Amino acid sequence: MPVSSAVIPDGAVVVDHSSIVAVGSFEEIFSQFPDVPVTECSGVLLPALVNAHIHLDLSVFGPVPQESSESTMCDWISSLLAKRLSSNCSDDEIRDAAEKAARDQYASGVGLMLDISNRYLGTFDSCPAEIVSLLEMLGPSQAAQRDAITTISELPSERMVTGHAPYSTTPDLLSYIKKRCTAQNAVFSLHLAENRDESLLLIHGTGCFAQFLKDRGAVSDTFPIPGIDTSGVVGYLQKRGILDRKTLCVHCVHMSSEEMKILAESQAHVCLCPCSNRFLSVGTAPLEKFLDFGMLPALGTDSVTSNPQLDMWEEMALLRKNHPTVAAETILSMATLGGAVAMHRDNRYGSIEKGRTSDILHVHGEQYEKAAYPQQLIELLTSGGRPERMDWLTFSE
Ligand SMILES: [Zn+2]
């Protein structure tokens, strides 16, 4: 299942150490490469899944439940902060839990992930998946912005930084971080439109985020944003020069058609996190409309604090259920190619194609072998949750 092209029944992949050399039907490949040793396997070969949004440093805290059905996302953020403050976890405990979560992601078929953490976790020797880590910064007031800029300016020049969200980060701090990302040619990832109250805060200075800042005694010298266009937060980001092809907007649940058009025209990327959105009851992202605008969103799990399963197969299955008119192939593309393109790593990930990584996912089991036609296989993979039998074919050693 190359993803970038149609399913190849009785297919074959030729690999040379870490890269794919050729893909096609076994017959055609065998005639081209008659002397290459053959490893036979039944089942489905897939490119690695790409988890385009995870917070590994939060793994140590486990799920943080919503207090009640009336709780807002701000109540949940308060619970998360309280858990963080009271947990007294050591740096080693945070790192160990993060490394275990990364290993679990790899075991579930994730070969590449974009990690957004509030601390530097270093590299994980026990996890073969590739992890791109961005240090997440926020600062809702002028004083917090000054502190954040001082922290960033003292970091090693190669360390990659990103901004948390428009509701938690001043306009100038977002611009400062985006400029740094552009200079490094790095991806700038931003939580965006996860909750309706984000635009209430930015445009009117009201809603649960305004209350949240007030309760904490934070001086509201940032919100509402002076002169913000009432058309919405996306227009505000565009005017500040935040949106371009290296910007990844995460969640995007509450967005008008006009805002989606701005995102599409700016060539920014979108990452959906359906299981986290369900857990926090913030709504369902308008996937069909993003597809109509010619965008292929990426998929991410977000952190275990808002997603106990942390499983890309569950993300696909929930999308399939929430958006029955979206083709199963599209959902599989989101979990693979969509993430690779959003991370600008589609030269190695996202598809089984010449030049891509030779770390290939092998899913097997009776139900896949019994599938009568390719469509049935794609349906099984996208709607059935995590396959019971799955392993990695790795040739890079
Ligand atoms: Zn997140």
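Every value quoted in this text rests on a predicted model; they were computed, and no experiment measured them. Just follow the structure's listing: the first ligand is 1, and inside any ligand the first atom is 1.
- The cationic atom of Arg216 (NZ for Lys, CZ for Arg) lies less than 6.0 Å from the six-membered ring centre of Phe212 and within 45° of the ring axis.
- Under the side-chain contact (heavy atoms from CB on, under 4.5 Å) criterion, Gln211 pairs with Asp215, sequence neighbours left out.
- For the Zn ion (ligand 1), the set of protein N/O/S atoms nearer than 2.8 Å consists of His53 NE2, His55 NE2, His191 NE2, Asp302 OD1, ordered by chain and number.
- Aromatic ring centroids of Trp76 and Phe279 lie 6.0 Å or more apart.
- Shown here is Glu158, whose CD atom has more than 12 heavy atoms of other residues, nucleotides or ligands within 6.0 Å.
- Every disulfide bond (SG atoms under 2.5 Å apart) that Cys208 has, sequence neighbours left out, goes to Cys74.
- With sequence neighbours excluded, no residue satisfies disulfide bond (SG atoms under 2.5 Å apart) with Cys181.
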